[in-house]
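Position 1 is the first residue of the sequence, and the numbers go up from there.
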Amino acid sequence: MSKSSANTDNTKSIPDVTDDSFRHWHLSRDQDNIIYARLDREGERVNSLSRAVLEEFEQIVILAEKEKPKGLVLMSGKTTGFAFGADVKEFEGFSSADKVSNEISRVHGMFTRLEKLPCTTVAAIEGYCLGGGLEMSLACDYRIAKDVPSTRLGFPEVQLGIFPGFGGSARSVHTMGGMKAMELMLTTRQISARAARSVQLVDEVIGRHEELIWAARRAIMAGKKSRKPGLVARLSNFWPARKLLAAQMRKQTQKKARPDHYPAPYRLIDTWERFGGNRNKMLQEEARAVGELMVSPTAEGLRRTFHLMERLKAEGKGTEFDVRHVHVIGAGTMGGDIAAWCVLRGMDVSLQDREMKYIEPALKRAEKLFRKKLRDTHKVKAALARLRPDVDANLVPRADVVIEAIFENAEAKQELFKSIEPRLKDGAVLATNTSAIPLETLARSLVNPSRLIGLHFFNPVPKMPLVEVVYGPDTDSGYRQKGAAFCQQISRFPLPVKSTPGFLVNRVLAPYMMTALQLHQEGVPAEVLDAAAEAFGMPMGPVELADTVGLDVCLMVTEVLQEGASKESQSPQENFIQALVDDGKLGKKSGEGIYVWENDKPVKRGVAAENHNLAELSEKLIGAYIKECEAALSEGVVADADLLDAGMIFGTGFAPFRGGPMHYLENRDRQPKVADSAHSTNIKNDNTSDAEAEAATKPNAGQEKQTSD
């Protein structure tokens, strides 16, 4: 790569550095002897700190030690951001904790040498600056960030089963103060340039029309350095404060993640509590602790979850399909929320139902969502203007995607498709949000069945990241790819699924929930069954899940999966659900099902759980779940085990730290065990599974409740 593209009018090439000296960094020097090092990792769309990138960085530091320039500026040569952190792919090469710790210590040495350079060092940040990239910037004297929407700073490492290991945990607590730094690392939040300035993570913020290179040059010419944090922030690192704050941090973290499932945040808290007052000791402990965490089964499972997410993100890439207008038919909870979410992603949406009175509640829910997400009156008004009621379906011919989301009745859906098909424009996708009905059944009324796909969203739509892109025997591959591309445009993970009853997610969940109900009828309290599943790592138990889905929906899915079976052949579990449904006890949505619901949470009684073996119960529940996964895989419902694992993690919240059901099956001897006894299990009138789900994996794994209409 040529360095000339990175130069400005006032820069010249550095002496003794040829064009091919570095593959991943581009160097230039201006007339005031300031070196500008731009990271532009070769062959990659985004920057990450691979071993090769770090080795070249070390050579740049050595060069600066020898050349003694006026200053050194670290910045990006890509538009996508400064650096997304360490290269996760390279994490897989380690099996020894000591080897990981040694590699970390080597990087510590590089960053310490950067920190000790006699010249002024500046990190100039635009776009993403995460993980290792942020840790590198913390070793600079001064940090400048550009105030643009794409600039985001944070430490995502806990999501991968570790914590910041390139000096980030030790440097951040002394840069920002222990309380603010620990909050940022434990929550894995990504913050804006202005927010970063407010907590002293960066020292200066420039406007979107200013140039980083000139801001960095001004800082070096003025010899600027980061200010020390305020007195309160500094006091938070003193021993008495650390002890008190660490106790509170553990308490808050326990609401979100169990230590037996996700040890990294607790190890971070322990490290800071013990060594937060001594940076050198904390660096040493950081290297040791992260090395041990890196080779743990939990970190392995979470890295696999990350890679599975990246695979789903690749589905639909390269397909030319620019969706501007979406038409949704059915303004119920699912249809209305799909419409609102598409508006949030910048699309024009028309929403159809039989009468305006059915659309109005969806508009109110949409406005509430817009206010929560957009937080700006003008933006909310603009979003509402893009969501148009369309009782008479006048806007169907404009739509690039038409999504049917009416009630689960094959004949009703067929009649609707018959009326809609002649009005579709060329190339438009016709999609159904059916939960379980095979596409070939619904396509019988179509003249051209090749354009019909399934886009099976999960509830709640704004929180669930997965969409099953269902294809039938007649589906044209081009429309299937368009469906995946549409999912990418609305920030959802597309999972290609063959059309079979229940598709993948609901097919697996049905026997899982029915097994739980069978055990419940045999005398196991619902609270204990849910506790057993949560002890395994599920975000919520199967009984609570059935209530959340809706017992009527559970019954419908079961009937679809057992199409042709007579009422007389219903199982005792189905009869049990049928009796509740007939009595109007549908679950969460009616206020009562198996549980009574108050304030959107199930009332869980304190029960005597000591007589129940959680390990055995979880084995029975997860055994039914995995057995159905194996059957679906053998029938080719998804292409391979990786896609199945991805679907079950992001669609049902299967314990992300276990890496998916198939991965768990192959590696169960190395996986964390479920405790036999329920003595230590907290079974009470409380529900912490939502919070666990939220924090457990933020590779946006869909651990919120899996429900479908």
Side-chain angles (χ1 to χ4, degrees), residues 254-262 297-298 301-302 305 458-459 463-466 504-517 519-520 524-549 554 594-595 601-602 604 609 612 614-629 644-665 668 671-675 678 681-683 686-699 701-708:
Q254 284 168 0
K255 295 179 181 179
K256 300 179 180 180
R258 297 164 62 120
D260 52 335
H261 295 164
Y262 300 98
T298 292
L302 291 175
T305 296
F458 298 94
N459 214 358
K463 294 182 179 179
M464 295 298 294
L466 189 80
L504 176 65
V505 171
N506 282 346
R507 170 177 174 165
V508 172
L509 285 179
Y512 169 63
M513 290 187 288
M514 287 299 173
T515 299
L517 295 180
L519 291 167
H520 180 48
V524 182
E527 292 85 351
V528 174
L529 290 164
D530 285 345
E534 290 167 15
F536 178 82
M538 303 301 276
M540 70 166 56
V543 181
E544 183 182 344
L545 179 62
D547 257 6
T548 305
V549 169
C554 292
I594 300 170
Y595 290 116
K601 290 187 179 292
K604 294 191 176 183
H612 300 281
L614 293 188
E616 288 183 2
L617 289 172
S618 69
E619 182 72 22
K620 290 178 181 178
L621 294 170
I622 301 303
Y625 183 108
I626 290 178
K627 181 180 179 182
E628 198 62 34
C629 286
L644 187 141
D645 279 350
M648 301 321 292
I649 291 171
F650 295 108
T652 76
F654 182 89
F657 67 93
R658 298 189 186 276
M662 295 296 98
H663 181 76
Y664 166 74
L665 195 60
R668 63 192 310 165
Q671 296 270 341
K673 307 300 181 187
V674 175
T681 301
N682 189 20
I683 303 177
D686 186 20
N687 174 22
T688 59
S689 59
D690 287 352
E692 279 185 26
E694 181 182 350
T697 60
K698 286 198 185 161
Q703 306 87 311
E704 292 283 347
K705 305 139 178 89
Q706 189 286 331
T707 56
S708 47

Query raised in the report: So do T305 and F650 actually touch side chain to side chain, heavy atoms under 4.5 Å?
Result: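 Sidechains of T305 and F650: in contact.
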Query raised in the report: Can you tell if the side chain of L519 reaches within under 4.5 Å of the side chain of K620, non-hydrogen atoms only?
Result: yes
Which atom of [X] lies closest to which atom of [Y], heavy atoms considered:
X: D530; Y: P542; answer: OD1-N, 3.2 Å
X: G660; Y: I649; answer: N-CD1, 3.6 Å
X: C629; Y: M662; answer: CB-CE, 3.7 Å
X: A533; Y: G541; answer: CB-CA, 3.9 Å
X: S618; Y: V674; answer: OG-CG2, 3.8 Å
X: L466; Y: G651; answer: CD2-CA, 3.7 Å

Report task. Identify, with sequence neighbours excluded, every residue that meets side chain to side chain contact (heavy atoms under 4.5 Å, CB included) alongside C554. Result ->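 Partners of C554 by the side chain to side chain contact (heavy atoms under 4.5 Å, CB included) criterion, ordered by chain and then number, come out as M513, A546, V549.
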Report summary line: Residues at least two apart in sequence or cross-chain that pass side chain to side chain contact (heavy atoms under 4.5 Å, CB included) with A526, listed by chain then number, are H520, V543, I594, Y595
Report task. Please name all residues satisfying ring-ring contact (aromatic ring centres under 6.0 Å, His included) with Y664, sequence neighbours left out, ordered by chain then number. Result ->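 Y664: ring-ring contact (aromatic ring centres under 6.0 Å, His included) contacts with F536.
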Requested in this report: State plainly whether the residues E534 and K604 are in salt-bridge range, i.e. N to O under 4.0 Å.
Outcome: yes
Query raised in the report: Does E544 pair with K601 as a salt bridge, N-O distance under 4.0 Å?
Result: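 Looking at K601 together with E544, the answer is no, because their closest N to O distance does not fall below 4.0 Å.
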Query raised in the report: When you measure from the side chain of R658 to the backbone N and O of P672, does any donor-acceptor pair fall under 3.5 Å?
Result: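 Yes, R658 side chain to P672 backbone: donor-acceptor pair under 3.5 Å.
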Query raised in the report: Which pairs with one or both residues in residues 644-655 pass salt bridge (charged side-chain N to carboxylate O under 4.0 Å, His left out), sequence neighbours excluded?
Result: R304-D645
Rounded to the nearest 0.5 Å, what separation is found between the [atom1] atom of [X] and the [atom2] atom of [Y]?
X: E628; Y: T515; atom1: CD; atom2: OG1; result: 9.5 Å
X: E619; Y: L614; atom1: CD; atom2: CG; result: 13.0 Å
X: I626; Y: L665; atom1: CD1; atom2: CG; result: 5.5 Å
X: K627; Y: I622; atom1: NZ; atom2: CD1; result: 15.0 Å

Query raised in the report: Which of parallel (below 30°), tilted (30 to 60°) and perpendicular (above 60°) describes H261 and F657?
Result: parallel
Query raised in the report: What residues, two or more places apart in sequence or in another chain, satisfy side-chain hydrogen bond (donor to acceptor under 3.5 Å, both in side chains) together with E616?
Result: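 So E616 forms no side-chain hydrogen bond (donor to acceptor under 3.5 Å, both in side chains) with any residue.
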**Report entry** side-chain hydrogen bond (donor to acceptor under 3.5 Å, both in side chains) partners of Y512, counting only residues at least two apart
**Finding:** none
Requested in this report: Assess whether side-chain contact (heavy atoms from CB on, under 4.5 Å) is satisfied between L504 and M648, documenting all intermediate values.
Outcome: CA-CA 8 Å; L504 176 65; M648 301 321 292; 3.8 Å; yes
Query raised in the report: Are side-chain N/O atoms of Y625 and T652 paired as donor and acceptor at under 3.5 Å?
Result: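 The criterion, which ignores hydrogens and geometry beyond distance, is satisfied for T652 and Y625.
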Requested in this report: Step by step, work out the side-chain contact (heavy atoms from CB on, under 4.5 Å) result for T298 and Q671.
Outcome: CA-CA 8 Å; T298 292; Q671 296 270 341; over 6 Å; no
